[in-house]
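Notes follow the structure.
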Amino acid sequence: MSFVEYLASRWDNLLETSVEHAEVVLLSLAIAALIGVTLGVLTYRRPAAAQTVLAVASAVLTIPSFALFGLLIPVLGLGYTPTVVALSAYAVLSILRNTIVGLRSVDPAVTESAKGMGFSNWQQLTKIELPLAWPVILAGIRVSALLILGIAAIAAYVNGPGLGGDIFSGLSRIGGANALNLVLGGVLGIVLLALIFEAAFVLLGRLTTSRGIS
Amino acid sequence: MIRLENLSKTFPGQSEPAVERLSMEIYEGEIVVFVGPSGCGKTTTMKMINRIIEPTSGRIFIEGEDVTQADPDKLRRRIGYVIQQIGLFPHMTIADNIATVPRMLGWDKKRISERIDELLETVGIEKSYRGRYPKELSGGQRQRIGVARALAADPPIMLMDEPFGAVDPINRERLQDEFLRLQSEIKKTIVFVTHDIDEAIKMGDRIAILRDRSAIAQYDTPERILTDPADAYVEDFIGSGASLKRLSLSRVRDIEMADWPVARLSNSHDVVREKLRRSGKEYVLLLDGQERPKRWVGADDVALDSVPLASAGWPAVAIVEESSSLYDTLDTMITSYKGSAIVVDERSRYLGVVDFERVLAAIETMRPHNEGQPARGGA
Ligand SMILES: Nc1ncnc2c1ncn2[C@@H]1O[C@H](COP(=O)(O)OP(=O)(O)O)[C@@H](O)[C@H]1O
Ligand SMILES: [Mg+2]
């Protein structure tokens, strides 16, 4: 079967796996954003604390993905949970780093005038600092999204969801019938997802960034 | 209105205080200017009033109430705050920037919207700017919006830290003039920080000249500071030309004007000639139907009936309003041909004429009266 014939006969299956893949990436991204932004907010005014959390998040990223998934098996077993945990862990660093950089780059005159007008610390953060840092934070989320779109394929190693399943089974019986098509289909799915994510981030950026700072 | 009592601030990790035991009273409805060299503690002192900087010791009273321990956020909503870098919120429109404090205070939408329009008009910015963002404004416009935002909830007190420091000299003059005009209507209690003594003299109802650690060298009206500096430090700070600066404080309306012979453009040549003859002056001033000065004419100019009065002699220039400072008046006179200036009211109607002798006489009365007396201490 040629690749085109393969796609024609299996497209519904491929679509379903792609959606699964996108879902697990989005969920992990949401968790990582929550952790990264929260840690960023808590540490951006405390240089020592910021250094520490950034060092930890960087260290996580240096663990080879196979190793991390493997290490999670005894703790979390197989399937969905270890996938989400590992992907979230990888996604934290650039979100955290960009949150800290973004919050620190807010003009001190702006925060001082906000304070002088009677904003509480919470109001200052939510109405002034986070909206101003948002384009930088969103850029961090985007970088993480692309990173874990690829890594998510490795999740097949722990029986995780997504396009990795096709790639792995194709690779394991290379030379056999349809083996190459399975691999190509999985890779194509990931590349297309990456393009869709990119477009979505551009759109989201436009919709959520004030005209005053774009 | 605002009373500072033994206010001190020592920043963490510093051995010397930035402000040391400062006590002063700031009166209601006045602009009080803190002026002094860079680093003397002006900003620190001002920021202790709204507790952006917490005092190390001492107390702050506003309208008799001790606010040293009050909720700082609530305190700040009662105090307008303008800083040199303005700090407009770049992600919010001009309207939203101005609406900030009214929203926090829970005003309803309609009232906020009306207030925005009113303030834009007050600071001379068109209503069409409501939806624009700060980056779309010029420096002067941003400064005006900064003032409008600080005034939004009509706070009785304003703190302004070098508010016009970042604009070019021409715009600064204009902003100062506009602000003084505005203040004459709104009569806020204002603490105004500057390092520029000329700005202090222009803006202040009262000036506190500060030295290191916000120690008050002299706290007095601009007139008193210029005519009667407390000590060598103040004299030095005022610099040369104190008398000339004094001239910028007096208005033409404060000095005696000469009554010059006038006639009308509608008069006959005979009437004008008769006026000239009886006054004994070389020239008379011709006014139009709205009492506005138009031309100077002498005997030779009206000798021929065939020359209409409207084109006889030479045009009346060197005109000043009665609210002009003596400084500007003198400037006008020096550049005028006749060495005198015509004074008009705000509708350009003739009031009188001032000449060098009268301005010099006014300067004479400004001379310090206390020569030989010991210098006074701080207020
Ligand atoms: N946040 C701060 N931390 C430490 N020192 C400060 C701080 N702010 C001001 N100072 C010091 O306090 C002194 C007075 O500063 P400031 O009030 O800003 O002076 P001015 O406004 O008159 O120029 C200066 O010596 C300055 O270095
Ligand atoms: Mg200062």
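By convention in this document, chain letters (A, B, ...) are assigned in the order of the sequence lines, proteins followed by strands, and residues within each chain are numbered from 1.
Contacts with chain B were tallied for Gly116(A), Ala109(A), Ala114(A), Pro108(A); Gly116(A) has the most, counting heavy-atom pairs under 4.5 Å. Of the residues considered (Ile86(B), Ile83(B), Leu159(B), Leu88(B)), Ile83(B) shows the highest number of contacts with chain A, using heavy-atom pairs under 4.5 Å.
A salt bridge between Arg3(B) and Glu5(B) is present, with a side-chain N of the basic residue lying under 4.0 Å from a carboxylate O of the acidic one. Between Arg174(B) and Glu178(B) there is no salt bridge, since no side-chain N of the basic residue sits under 4.0 Å from a carboxylate O of the acidic one. Taking the charged nitrogens against the carboxylate oxygens, Asp66(B) and Arg59(B) do have a contact shorter than 4.0 Å, which makes a salt bridge.
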Output the donor-acceptor atom pairs between chain B and chain A under 3.5 Å, with atom names and distances to 0.1 Å.
from: Lys47(B); atom 1: NZ; to: Glu112(A); atom 2: OE1; distance (Å): 3.4
from: Lys47(B); atom 1: NZ; to: Glu112(A); atom 2: OE2; distance (Å): 3.3
from: Arg77(B); atom 1: NE; to: Gly118(A); atom 2: O; distance (Å): 3.0
from: Arg77(B); atom 1: NH2; to: Gly118(A); atom 2: O; distance (Å): 2.7
from: Tyr81(B); atom 1: OH; to: Glu112(A); atom 2: OE2; distance (Å): 2.4
from: Gly87(B); atom 1: O; to: Ser113(A); atom 2: OG; distance (Å): 2.7
from: His91(B); atom 1: O; to: Ser210(A); atom 2: OG; distance (Å): 2.8
from: His91(B); atom 1: NE2; to: Lys127(A); atom 2: O; distance (Å): 2.8
from: Lys135(B); atom 1: NZ; to: Arg211(A); atom 2: O; distance (Å): 3.2
from: Lys135(B); atom 1: NZ; to: Ser214(A); atom 2: O; distance (Å): 2.8
from: Arg149(B); atom 1: NH2; to: Ser113(A); atom 2: OG; distance (Å): 3.2

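Looking only at distances, a side-chain donor or acceptor of Lys42(B) sits under 3.5 Å from a matching main-chain atom of Gly36(B). A donor-acceptor pair under 3.5 Å links the side-chain atoms of Asp205(B) to the main chain of Ile31(B), judged by distance alone.
Glu63(B) is linked by a side chain to side chain donor-acceptor pair (under 3.5 Å) to nothing, counting only residues two or more places apart in sequence or in another chain.
Heavy atoms of Pro134(B) lying under 4.5 Å from chain A are absent altogether.
Side chain to side chain, Asp196(B) and Thr194(B) fail the donor-acceptor criterion of an N or O pair below 3.5 Å.
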